[in-house]
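In what follows, chains are A, B, ... by sequence order, proteins preceding strands, each numbered from 1. For clarity, every value in this text was computed on a predicted model and none was experimentally measured. Scope of the values below: all heavy atoms of this structure, side chains included, with no hydrogens, waters or symmetry mates.
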Amino acid sequence: MNTDIKRTLMISGMGSTHGGNFHAVKLEGLGRIESDITCTYFIVNGRAEVNGNVTAASADIKGTATIQGQMKARRAQIHGRVKIEGSYSGEQLEINGAITITGACEVEKLNANGRLHIGTLNADAVIITLHGHCEIGEIGGERIQIRRQPGLNLSRWLKILPVAIGNYLNAHTIEGDHIYLEYTTADIVRGADVTIGPGCEIGLIEYTGKLQQDKGSKIKHSEKL
Amino acid sequence: MEEDLISKKELLELTGISYGQLYRWKRKNLVPEEWFIRKSAFTGQETFFPKASMLARIDRIKNMKDDLSLDELADVFSIIPSDLKMDSTELVKRNIVSLQTIEYASPTFGLATVFNFEQTLFLYLLEDCLQSGEMSIDEGKKLIQTLVEQYAKFEGKPCDLIFIRKMGVTLFLLLTSGAEFFVEPGVKVVLNIPIAKKIEELKLILTSS
């Protein structure tokens with residue numbers, strides 16, 4: 001990335017512009033960028049729309065953002081709601097809120113607190129605290145920890161409703177070396193050490209080390225390799 | 001061109017690497033995305049790999065991991081040319097290209113004495129083709145011309161070099177990797193060289209010495 005460029009793009013209020021190379025991009029209020037954007041700092045406070053790819057060294061999004069292309073950011077902090085139509089790659093991703101990534105998400109460390117919809121997730125360390133209904137096609141990594149926020153549990157009060165409400169995760173495959181799961185529905189879980197907490201429904205577990213399971217969880221099949 | 005496939009589970013069992021390692025390598029681009037082949041199995045969608053290339057790659061990563069960092073390794077395996085420059089005496093000294101080959105190629109390259117990675121690769125390919133004994137010097141000159149004019153159009157995507165001959169008439173083709181092609185009767189496919197593999201070989205030579 002060319003860091004010599006010291007230009008700053010700033011939208012305060014309402015505005016739209018074309019993308020390009022910038023040092024810092026600051027969108028406050030309602031901002032729209034019509035093409036690809038490359039910058040060192042990408043800051044959103046309010047609502048942003050990018051009709052292209054975003055490449056940034058660090059991204060800080062507070063509010064709502066929609067990115068039509070893919071996003072690359074070494075570090076990203078998201079407070080609010082973000083939708084990425086392509087894939088995301090970076091090193092550290094912190095989420096407080098809701099995120100939708102249609103494609104693949106590849107990071108070293110993911111720390112999420114909220115509602116996630118991700119195509120495939122690949123990270124060294126995955127820590128997810130569930131809020132609401134999450135859906136991730138595939139999770140792969142070394143350490144995977146999926147928990148539910150302790151304390152308030154609305155689903156018990158809302159059980160009379162036929163719709164599925166509650167904090168849970170739906171996944172097809174979860175593969176990792178150290179896995180801890182709570183309130184997760186998955187077809188296949190594979191790993192070395194697997195711990196299944198409460199509220200899980202797993203089709204098949206294949207493990208090489210240890211398997212611990214909560215009595216309240218349903219496991220159709222488990223196999224030590 | 002159906003290749004032997006291996007499932008992810010079998011692969012990990014066979015090589016003794018962990019899920020974490022495999023995924024880390026994938027993120028670092030040590031294993032190309034195209035090798036992750038999704039296929040349906042009785043447990044749903046499963047990932048398969050081309051067996052021979054994947055095992056060779058893992059073996060190589062394991063052997064080199066101690067000397068190089070993962071990022072440096074990624075550079076070795078990536079087919080995007082590295083920003084290296086080398087002069088002709090160095091190339092000859094390191095046994096990458098012989099002096100004759102450089103001379104044969106000089107009409108096309110001009111009297112360049114310093115070669116970038118791409119030019120080094122072309123020389124390396126030429127050397128290889130000439131050494132195989134299947135190509136004459138005149139054809140070799142055509143090869144260099146073809147590469148210089150056409151190779152850049154692939155924009156870093158993997159491609160194969162095909163050399164065919166029929167009754168003394170020869171042709172060069174550059175094809176996207178993995179593309180199938182069929183030839184009329186009497187045509188002999190003399191050489192079929194995956195350039196990505198050659199790049200890897202060349203980078204290994206360059207980094208090891």
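- Here the CD-NE2 distance, from B:Glu46 to A:His172, works out to 7.0 Å after rounding to the nearest 0.5 Å.
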CA sep, side-chain torsions, deciding dist, call: A:Glu175, B:Lys8, side chain to side chain contact (heavy atoms under 4.5 Å, CB included): CA-CA 11 Å; A:Glu175 291 176 327; B:Lys8 194 195 277 169; 2.4 Å; yes
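- Across all their heavy atoms, A:Asp177 and B:Ser18 have their closest contact at OD2-OG, 3.1 Å.
- When B:Glu13, B:Arg38, B:Gln21 are compared by the number of non-hydrogen pairs under 4.5 Å with chain A, B:Arg38 comes out ahead.
- A:Glu206 CD to B:Lys9 NZ: the interatomic distance, rounded to the nearest 0.5 Å, is 3.5 Å.
- The salt bridge (Lys or Arg N to Asp or Glu O under 4.0 Å) contacts involving residues 143-152 of chain B comprise nothing, where partners must be two or more places apart or lie in separate chains.
- Residue-environment remark: NZ (A:Lys83) stays at or below the threshold of 12 foreign heavy atoms within 6.0 Å.
- The 12-atom threshold is exceeded at NZ of B:Lys141, counting heavy atoms of other residues, nucleotides or ligands nearer than 6.0 Å.
- Sparse packing is recorded around OH of A:Tyr41, with 12 or fewer heavy atoms of other residues, nucleotides or ligands lying under 6.0 Å away.
- The environment of CZ in B:Arg165 is crowded: more than 12 heavy-atom neighbours from other residues, nucleotides or ligands sit within 6.0 Å.
- One finds no salt bridge joining B:Arg27 and A:Glu142 here, because no Lys/Arg side-chain nitrogen approaches an Asp/Glu carboxylate oxygen to under 4.0 Å.
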Check residues 216-225 of chain A and write down every donor-acceptor pair under 3.5 Å in which the side-chain atom is one partner and the other belongs to a residue at least two apart or another chain.
from	atom 1	to	atom 2	distance (Å)
A:Ser217	OG	A:Gly197	O	2.5
A:Ser217	OG	A:Gly199	N	3.4
A:Ser217	OG	A:Cys200	N	3.0
A:Lys224	NZ	A:Thr208	O	3.1
A:Lys224	NZ	A:Gly209	O	2.9

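- The minimum heavy-atom distance linking A:Asn122 with B:Tyr23 is given by the pair OD1-CB, 3.3 Å.
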